[in-house]
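Working notes, structure below.
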There are 4 protein chains.
Amino acid sequence: MVARSEESRQAIIGATLTLIGLGEDKPGTTVQRLTIEAIAKRAGVSKATIYRWWPSKVAVVIDAFVSDYLQHTPIDPALPADDALAAHVRSVVRQYGSDEGMIVAQIIAEGQYAPDVLRQFHERFWDDRARVVRELLQRGVDEGLFREDLNLDIAASFIYAPIYQRLLLGGGPLDDAFADDLLSFALPPLRKPIAR
Amino acid sequence: MVARSEESRQAIIGATLTLIGLGEDKPGTTVQRLTIEAIAKRAGVSKATIYRWWPSKVAVVIDAFVSDYLQHTPIDPALPADDALAAHVRSVVRQYGSDEGMIVAQIIAEGQYAPDVLRQFHERFWDDRARVVRELLQRGVDEGLFREDLNLDIAASFIYAPIYQRLLLGGGPLDDAFADDLLSFALPPLRKPIAR
Amino acid sequence: MVARSEESRQAIIGATLTLIGLGEDKPGTTVQRLTIEAIAKRAGVSKATIYRWWPSKVAVVIDAFVSDYLQHTPIDPALPADDALAAHVRSVVRQYGSDEGMIVAQIIAEGQYAPDVLRQFHERFWDDRARVVRELLQRGVDEGLFREDLNLDIAASFIYAPIYQRLLLGGGPLDDAFADDLLSFALPPLRKPIAR
Amino acid sequence: MVARSEESRQAIIGATLTLIGLGEDKPGTTVQRLTIEAIAKRAGVSKATIYRWWPSKVAVVIDAFVSDYLQHTPIDPALPADDALAAHVRSVVRQYGSDEGMIVAQIIAEGQYAPDVLRQFHERFWDDRARVVRELLQRGVDEGLFREDLNLDIAASFIYAPIYQRLLLGGGPLDDAFADDLLSFALPPLRKPIAR
DNA sequence: CGATAAACGAGACGGTACGTCTGGTCTTGTG
DNA sequence: CACAAGACCAGACGTACCGTCTCGTTTATCG
């Protein structure tokens, strides 16, 4: 018995990142045009080795992206919940406005054809972030900033919705101005109504 | 000079709809797996004829979908603006919950790799609907139902955002319950604050 | 009824000659790569017009070649038959060593696939020349230079054979040296044996 | 590394022979109409496999013809040189009068457009036969049958010339009568002049 | 410590589709 | 009504990848 070669794994992931334009050098294809053959060639690895360990090229892309590239957009526990949420949203928007956004968009695109890709996307991207935001919203409720009847799931999900919409459908840049528009639309209904 | 053959056009569009699962018979592939070769074969048409009139398979799909299939989700002018909006949202959600939604999702997916697909999507799907909703929102403002400082563009866009999110990212069914959640989240911030 | 357009005919023949590299300008394709479409385009003529008057592209080539290009290699009646034959052979060899030879070779090549092309070749190239040579051989017999039991048909044909062999199979240049080799091999057996 | 599949090679060569009409079954196209796609289909082989190992369809044809089909027309060392030559010529003429001749003619035809085809023809058909005939002529000289000043190259080449002429230009059948005509024309000049 | 079994590179293989090209036919409108 | 313009069907072209497979070759354990 021989253990899986960590060297090969790294080579494959590195080649993949380079090929989709996230590495040092800059070939820069799309996920659609990325081929297993190209990864194998650039990684100096046999096609069979890739097929042995990943079920599809998208799986390699997700693996590469998550394990070696993804930067987290943490939430500042020192800020009040509404400000922390605003900061988080701006950070996410900025992240999705860069090359990373394009890859995420392409992964979601591939997910339209492969349910397990979408599942992977949820497990490795979405769930963590949604949970963090849910907790933040709960904190806001606890702090008396947000209304008590808030449906955390729906709220957390809908705050992100316009970001993904713009990422996937376009219609304008993912920049700070957009983040501000988003916040000015989505924050008010979260707030506790002013006592009257 | 010889005019374009309407017969061929119909055959191509019909074959395309059938192949992606929207026709009478039910082959039912995805847009990704759909091939020009298959369309040509089923339409009894030469590949060259397709390439002559459409730049890509996605262009054929959009054309087929819009011109022969798309059902409009009209807005009832007799209802008050808020009720009309609610009815419209429920209608759109229901539409996207069906086979049509899958095709829209796949078109958007292809759009991640071809900017002009996304542009086509905007021109032939989005713009009309966004305009209609904008007008509806304006009517709501005029009727005194919605707040006067409403940014119509942003509002119209963000109302749709959760629908596309669920369509593309999953996370639950596109059904009436979802429509209600969406409305209960998105409608309140539109309303004119009750005079205090 | 409108008469056949001589203007079109000339344009088609001119375009064809140019395309196979015998015209003023020098595109220079082979007969194989020559297409009716290209002829039509360059002649400013519809494809249908060509198909109406010629059965195939090779027919156009033969027509163009024979009617507007072919140079005759006449036989000098002032010379003794053996010298006249030698001059004629040198002239033919020189002609076949040029661009014309390549076209003849290509016409013969096409003739392997179309019997009527070969027939045309005989009728419009070969028969005249063979007859002329036969007459020359007869003259040689009459003049007492050539043996009386000469089979004129066979002799005429076999004198040309090495020329076509070299034209079609290669093996060396079609130049004066070759003509001399040919003559020194083929002339002696024609001659009347020296009385012994 | 995996070795080349002899099975595939055989299938391709067999399919090719059948398609050009030399196999058991009898489709019988010409080399011109023969397509790589048809070979691949009939051989149950991928097009890529053919392209991997042969540069063109004519290369496949030559390979198939030479390696699996070509019959040698040996020279009988027991006969005197002139009789052996006559036997050889009759044998070659008979061979070229059959289906094999048609294929050879078509290969030469293709050679007009591809120099390397002609080169292959020389290397794999011509050179051997020419050498054998040269040796035979030499033997004839040694035996005192043929003249001592014979240019072996030219003589060997010119003996074949009328055969190729009739093969390629037609003008009559390649039968024994033709072989006899050829011999009665080409043999005498080879012979040593009778001492006078 | 030598056998053995997995992991690996290399790449051949049967397939499928690509987008381009040509052939030959047919249609329409113009001079 | 001959013609140009060119749309059309048919299908081959050569290329690129797919995913599977068989090769040796190379380790790393285990008997």
Side-chain angles (χ1 to χ4, degrees), chain A residues 1-9 11-12 32-41 43-57, chain B residues 1-9 11-12 32-41 43-53 55-57, chain C residues 1-5 7-8 11-12 32-41 43-53 55-57, chain D residues 1-9 11-12 32-41 43-57:
Chain A
M1 261 141 304
V2 174
R4 174 172 184 181
S5 156
E6 182 56 25
E7 199 178 353
S8 292
R9 210 196 85 96
I12 290 164
Q32 196 176 55
R33 274 200 272 274
L34 178 69
T35 66
I36 296 268
E37 215 136 71
I39 298 175
K41 185 167 228 174
V45 142
S46 162
K47 281 197 288 176
T49 303
I50 302 180
Y51 282 113
R52 204 185 336 263
W53 300 109
W54 289 274
S56 70
K57 71 176 173 188
Chain B
M1 256 143 307
V2 174
R4 174 172 184 180
S5 157
E6 182 56 26
E7 201 178 350
S8 292
R9 210 195 85 95
I12 291 164
Q32 197 177 54
R33 274 199 272 274
L34 178 68
T35 66
I36 297 266
E37 217 136 65
I39 298 175
K41 184 167 233 172
V45 143
S46 162
K47 279 199 287 175
T49 302
I50 302 179
Y51 282 113
R52 204 185 337 265
W53 300 109
S56 69
K57 70 177 176 190
Chain C
M1 213 112 26
V2 174
R4 174 172 185 181
S5 157
E7 199 178 352
S8 292
I12 289 164
Q32 195 176 56
R33 272 200 273 274
L34 177 70
T35 67
I36 296 268
E37 214 135 38
I39 298 175
K41 184 168 229 174
V45 141
S46 156
K47 276 198 289 177
T49 303
I50 302 179
Y51 281 115
R52 205 184 335 267
W53 301 110
S56 70
K57 70 177 176 189
Chain D
M1 242 150 319
V2 173
R4 174 172 186 180
S5 155
E6 183 54 27
E7 200 179 352
S8 293
R9 209 194 86 96
I12 290 165
Q32 196 176 56
R33 273 200 272 274
L34 178 68
T35 67
I36 296 266
E37 218 137 67
I39 299 175
K41 184 168 235 175
V45 143
S46 157
K47 275 201 291 174
T49 302
I50 301 179
Y51 283 115
R52 206 184 338 263
W53 300 109
W54 290 273
S56 70
K57 69 176 175 189

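Convention: sequence-line order gives letters A, B, ...; per-chain numbering from 1.
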Both distances under 3.5 Å, Watson-Crick or G-U wobble: on that basis, could you give the dot-bracket string for DNA chain F, with [ ] for crossing pairs and | for other-strand partners?
|||||||||||||||||||||||||||||||

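Between B/R4 and B/R9, the shortest heavy-atom distance links the atoms NH2-CG, 3.3 Å. A pairwise comparison of heavy atoms in B/S46 and B/A40 identifies C-CB, 4.2 Å as the closest pair. Taking both residues in full, the closest heavy atoms of C/K57 and C/L34 are given as NZ-O, 3.1 Å, listed atom of the first, atom of the second, then distance.
Among the nucleotides E/dA12, F/dC8, F/dC9, the one closest to any side-chain atom of D/W53 is E/dA12. Checked against F/dC17, F/dC3, E/dC13, the side chain of D/S5 finds its nearest nucleotide in E/dC13. Listed nucleotides: F/dG14, E/dC8, E/dC18. Nearest to the side chain of D/Y51: F/dG14.
Rounding to whole angstrom units, CD1 of residue C/I36 and P of E/dT25 are separated by 11 Å. Distance, A/I39 CD1 to F/dA16 C1': 15 Å, rounded to whole Å. In this structure, B/E6 places its CD atom 16 Å from C1' of E/dT27, rounding to the nearest Å. Rounded to whole Å, the distance from CD on A/E7 to P on F/dT26 is 15 Å. For the pair D/I50 CD1 and E/dA12 P, the interatomic distance rounds to 16 Å; values are reported in whole Å. Summarising the geometry, the separation between CD on B/E37 and C1' on E/dT20 is reported as 12 Å, rounded to the nearest angstrom. Look at NZ on C/K41: it is 13 Å from P on E/dG23, rounded to the nearest Å. Separating the CH2 atom of D/W54 from the P atom of F/dG14 is a distance of 15 Å, rounded to the nearest angstrom.
Each of D/S46 and A/S8 has a nearest nucleotide on DNA chain E; the 5'-most of these lies closest to A/S8. Remark on DNA chain E: of its neighbouring residues C/T35 and D/G44, the 5'-side contact belongs to D/G44, judged by nearest-heavy-atom nucleotide. The 5' end of DNA chain F is approached more closely, in terms of each residue's nearest nucleotide, by C/A43 than by the other of A/K57 and C/A43. Each of C/A48 and A/A48 has a nearest nucleotide on DNA chain F; the 5'-most of these lies closest to C/A48.
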Show your reasoning for whether side chain to side chain contact (heavy atoms under 4.5 Å, CB included) applies to D/I12 and D/W53.
CA-CA 11 Å; D/I12 290 165; D/W53 300 109; 5.9 Å; no

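Heavy atoms of B/R4 sit under 4.0 angstrom from primed sugar atoms or phosphate atoms, though from no base atom. At the heavy-atom level, C/A40 lies nowhere under 4.0 Å from the strands shown. At a threshold of 4.0 angstrom between heavy atoms, the contacts of D/A38 with the nucleic acid are absent.
Note on D/R52: a side-chain N or O is less than 4.0 Å away from OP1 or OP2 of E/dC13.
Considering only residues two or more places apart in sequence or on other chains, D/K47 meets the side chain to side chain donor-acceptor pair (under 3.5 Å) condition with D/E37. With sequence neighbours left out, the side-chain contact (heavy atoms from CB on, under 4.5 Å) criterion links A/R52 to A/T49. For D/A38, the side-chain contact (heavy atoms from CB on, under 4.5 Å) partners at least two apart in sequence or on another chain are D/L19, D/T35. By the side chain to side chain donor-acceptor pair (under 3.5 Å) test, D/S8 pairs with D/S5, sequence neighbours left out.
Judged by atom type and distance alone, B/K47 reaches the base of E/dG19 through a side-chain donor-acceptor pair under 3.5 Å.
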